[in-house]
Amino acid sequence: PMANSLDAVSARDFVLETLAAASISIMHLSRLAEEIVIWCSAEFQFIKLSDAFTTGSSIMPQKRNPDAAELVRAKPGRIYGALQALLVVMKGLPLAYSKDMQEDKELTFDALDNLSLAIAAMTGMVGDMQPNVAKMRESAAKGFSTATDIADWLVRVLAMPFRDAHHVTGRIVKMAEDRGLTLDALALADMQSVEPRITQEIFSVLSVEASAASRRSFGGTAPENVKAAAEIWLKRLEVNTVSG
């Protein structure tokens, strides 16, 4: 029951709020779909999807297209359109009820049907994808990705102000770049030529695994953090499924 009869018949806020929530949801699904499209590409090769979620190219027999992800990526235009269309329908109506409001039905049903389809497709793809761990590991190590770990080590172990640590790290990275080496391939003597107090211990933070594992604060990337966060969400989803 609504406390105001005029509001009860003149508003479609409950529909607009539903379409707004659907728009936000499909936006996040679309972003993940875009990641999947990129991850499946020949340039990245981070994951592989089975034939259940890909189709062969019409002209290149060796190519598999992530069609399900591409279709999910396209759905926001349709769902955003439903929200915008109803906002335009409602914007100039006088109080209270007008027949114009019946336009909400087709827009809402279509938007929710497409959101449901996108959720089902994304759920299937996430369960289906096979990660290429070696390729992702290789990519994660590129671009001197552990340079910040050098700066952190200098601050933590040598009590160096971060501004100075940033400068020292920049010089070490430049040295590695000039020689075509990764940071962990530099010799200890090379690093000590920049900062004499650096010890062998610094190599313990230069791997991708060590870098990720060192982020143990709330929300960090350490494996135990990620596992704990996943467990929390799995329990929350299980409770919602049961109660729903």
Around [X], counting heavy atoms of other residues, nucleotides and ligands shown, do more than 12 lie under 6.0 Å from its [atom1]?
X      : atom1 : result
Lys174 : NZ    : no
Glu209 : CD    : yes
Lys235 : NZ    : no

Is a salt bridge present between Arg171 and Asp190, judged by a nitrogen-to-oxygen distance below 4.0 Å?
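A salt bridge is absent here (no side-chain N lies under 4.0 Å from a carboxylate O).
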
Please check this pair: side chain of [X] against backbone of [Y], looking for a donor-acceptor N/O pair closer than 3.5 Å.
X      : Y      : value
Ser207 : Ala210 : yes
Asn225 : Phe218 : no
Arg215 : Ser211 : yes
Asp128 : Leu49  : no
Asn114 : Asp110 : yes
Ser139 : Met136 : no
Thr18  : Phe14  : yes
Gln130 : Lys48  : no

Measuring only between side-chain heavy atoms, which start at C-beta, is His166 closer than 4.5 Å to Leu154?
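No, their side chains stay 4.5 Å or more apart.
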
Find out whether Phe53 and Ile36 are in side-chain contact, i.e. whether some heavy atom of one side chain is under 4.5 Å from a heavy atom of the other.
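When only atoms from C-beta onward are counted, Ile36 and Phe53 do not touch, as no gap falls below 4.5 Å.
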
Under 3.5 Å, sequence neighbours excluded: what are the donor-acceptor pairs made by side chains of residues 81-104?
from   : atom 1 : to    : atom 2 : distance (Å)
Asp104 : OD2    : Arg12 : NE     : 3.0

Specify the closest pair of heavy atoms between Val72 and Ile26, including all atoms of both residues, with the distance to one decimal.
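Shortest heavy-atom contact: O-CD1, 4.4 Å.
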
Which atoms form the tightest heavy-atom contact between Ala151 and Ala165, and what is the distance?
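For Ala151 and Ala165, the tightest heavy-atom pair comes out as O-CB, 3.7 Å.
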
Under the salt bridge (Lys or Arg N to Asp or Glu O under 4.0 Å) test, which residues partner Glu177, sequence neighbours left out?
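Checked Glu177 against salt bridge (Lys or Arg N to Asp or Glu O under 4.0 Å); zero matches.
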
Asp164 CG to His167 NE2 distance, which is reported to the nearest 0.5 Å:
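The CG atom of Asp164 sits 8.0 Å away from the NE2 atom of His167.
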
Can a side-chain donor-acceptor contact be found between Asn65 and Thr55 if the only test is distance below 3.5 angstrom?
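Looking only at side-chain atoms, Asn65 and Thr55 do not form any donor-acceptor pair under 3.5 Å.
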
